[in-house]
Amino acid sequence: MATTVCTWNINSVRLREPIVLKLLQEQQPDVLCLQECKALVELIPTQNFADLGYKYMVARGQKGYNGVAILSRIPMTDAGHRQFVGKKDARHCAATLENGMTIHNFYVPAGGDIPDVEKNDKFDHKLKFLNEMRDWFHDDSPEKSVLVGDLNIAPREDDVWNHKQLLKIVSHTPIECEHLAQVQDSANWVDITRQDIPDGNLYSWWSYRARDWDAADKGRRLDHVWATPDISNAAHSSRVYRDARGWEKPSDHAPVFATFDL
DNA sequence: ATGTCAACGGCGCGTTGA
């Protein structure tokens, strides 16, 4: 059986309910992982998702900020969630599908503007969050697992529009990239998107502030799909669905897809 | 780099976070 997973930072699930429905209807992923729902779980508009067949949901929410949800048209069970850096914010949830595959959905802190832990608490928070992810997966040794989400880091030179210009910009600094590499190494996570699309610039986020995001194309690859080595060879057909960035009232992120033959 | 969104509190728009 093929299972298609999609991850999308939606930047308010209530405001963007219409384009979530459009994506589900048009692309029909089996599982859709959302970040930045910006709503309490009970305020997520689940009825119309269920009417399209997506009747299963595992979610974590809070008022106004963060929030993660996994929508599915195939049965799944809640696989728990973790708190990071001693905060009660909703940045992780997990679900296990009937085929035994566990999906971790993450929203890593953005980290503010100044890449200095002394001057910027948000940057300190981001690095601590990544350290806790690393330690958890090191101790837990996940199997048959997929990790998706907005990791708020574009690790490779070809994951940003200009490597040199972004070296001191939060999301592409060497210290963040090193922290993310340690998370990846902690369970030998395979970057499925780059396994499938190894060469060339690839982005999943374009700022709202650009005059013409499409023409300027000053993007970054902040959204990721990883898998544990035991299932990495079952993955294929990765893609960034760039069209969705140009839809009516868009998110600043595009959906990222991968399919697993499991 | 540039400079636009969205939620909130509470009903007009400044603040916070991205």
Side-chain angles (χ1 to χ4, degrees), chain A residues 7-20 33-45 59-69 84-85 87-92 105-117 119-130 148-177 179-180 201 203-224 242 244-256:
Chain A
T7 179
W8 197 10
N9 179 317
I10 197 61
N11 186 17
S12 173
V13 70
R14 285 176 290 174
L15 194 70
R16 289 188 228 291
E17 182 188 2
I19 62 170
V20 173
C33 298
L34 299 172
Q35 304 86 36
E36 281 205 89
C37 296
K38 295 188 175 178
L40 295 169
V41 172
E42 55 267 35
L43 295 179
I44 296 174
R60 297 265 302 140
Q62 66 184 92
K63 188 154 86 175
Y65 303 102
N66 308 316
V68 285
F84 293 85
V85 203
K87 294 180 188 285
K88 294 213 164 82
D89 51 3
R91 295 181 177 275
H92 169 254
N105 182 17
F106 275 96
Y107 177 52
V108 171
D113 291 329
I114 304 163
D116 182 335
V117 296
K119 295 175 185 159
N120 176 7
D121 287 343
K122 291 179 197 166
F123 196 71
D124 188 52
H125 178 214
K126 184 178 195 173
L127 297 188
K128 284 179 172 151
F129 192 102
L130 293 162
V148 306
D150 178 2
L151 306 184
N152 265 313
I153 296 171
R156 291 174 28 154
E157 292 191 17
D158 53 6
D159 290 338
V160 294
W161 65 277
N162 187 318
H163 167 63
K164 276 190 125 175
Q165 252 181 284
L166 287 164
L167 276 170
K168 292 180 176 172
I169 302 299
V170 172
S171 73
H172 192 60
T173 64
I175 183 83
E176 290 168 87
C177 295
H179 277 67
L180 189 68
N201 289 350
Y203 316 134
S204 65
W205 173 88
W206 295 262
S207 173
Y208 284 128
R209 298 177 198 182
R211 229 170 289 270
D212 184 341
W213 72 272
D214 196 25
D217 201 22
K218 293 183 173 180
R220 306 176 201 168
R221 190 172 70 100
L222 304 179
D223 303 277
H224 298 266
R242 186 176 170 127
R245 179 62 179 79
W247 286 351
E248 189 78 13
K249 291 277 276 173
S251 167
D252 44 357
H253 294 253
V256 180

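Lettering of chains follows the sequences in order, A, B, ..., and the numbering in each one begins at 1.
Summarising the geometry of A:A254 relative to A:R242, their closest heavy-atom pair is CB-CA, 4.2 Å, with the distance given to 0.1 Å.
Using modelled atom types and a 3.5 Å distance limit, the side chains of A:Q35 and A:T7 yield a donor-acceptor pair.
Looking at heavy atoms from C-beta onward, A:F106 lies in side-chain contact with A:L151 at the 4.5 angstrom threshold. Looking at heavy atoms from C-beta onward, A:H224 lies in side-chain contact with A:P155 at the 4.5 angstrom threshold.
A residue-by-residue look at A:G64 and A:P109 shows that A:G64 has its nearest nucleotide of DNA chain B further toward the 5' end. The residue among A:R16 and A:D252 whose nearest nucleotide of DNA chain B lies closer to the 5′ end is A:R16.
Rounded to whole Å, atom C1' of B:dT16 lies 14 Å from atom CG of A:N11. If you measure from atom CD of A:E36 to atom C1' of B:dT16, you get 13 Å, rounded to the nearest angstrom. The CH2 atom of A:W161 sits 9 Å away from the C1' atom of B:dT2 (whole-angstrom rounding). When rounded to the nearest whole Å, the span between CG of A:D121 and P of B:dT16 equals 14 Å. One interatomic measurement links the two molecules: CZ of A:F123 to P of B:dA18, which rounds to 14 Å at whole-angstrom precision. One can place NE2 of A:H125 at 13 Å from C1' of B:dG17, the figure rounded to the nearest angstrom. Spacing between atom CG of A:D89 and atom P of B:dT16 amounts to 18 Å, rounded to whole angstrom units. Distance A:W8 CH2 to B:dA18 C1': 17 Å, rounded to the nearest Å.
Here B:dA18 is the nucleotide among B:dA18, B:dG3, B:dT16 with the atom lying nearest to any side-chain atom of A:Y107. Listed candidates were B:dG17, B:dC8, B:dT4. Nearest to the side chain of A:Y208 is B:dT4. Proximity note for A:A110 (side chain, C-beta onward) versus B:dA18, B:dA6, B:dG17: the nearest is B:dA18. Residue A:Y65 has its side chain nearest to B:dT16 when only B:dA18, B:dT16, B:dA6 are considered. Among the nucleotides B:dC8, B:dA6, B:dT2, the one closest to the side chain of A:K249 is B:dA6.
Here, B:dG17 and B:dG3 have their C1' atoms 15 Å apart, quoted to the whole Å. Using atom P as the reference point in both B:dA6 and B:dG10, the two lie 22 Å apart (nearest Å). As rounded to the nearest Å, B:dT2 and B:dA7 have C1' atoms that lie 23 Å from one another.
Residue A:R211 places none of its side-chain N or O atoms closer than 4.0 Å to OP1 or OP2 of B:dT4. OP1 or OP2 of B:dA18 has at least one side-chain nitrogen or oxygen of A:R91 nearer than 4.0 Å. Within the 4.0 Å cut-off from OP1 or OP2 of B:dT4, not a single side-chain nitrogen or oxygen of A:S207 is found.
Contact annotation: side chain of A:R14 to base of B:dA7, donor-acceptor pair absent below 3.5 Å.
Counting non-hydrogen atoms under 4.0 angstrom, A:L15 reaches the backbone sugars and phosphates but no base. Contact annotation for A:K122: backbone-only contact, meaning every heavy-atom pair under 4.0 Å involves sugar-phosphate atoms and none involves a base.
A donor-acceptor pair under 3.5 Å links the side-chain atoms of A:S251 to the main chain of A:N9, judged by distance alone.
Distance CG/A:N105 to CG/A:D150: 10.0 Å, rounded to 0.5 Å.
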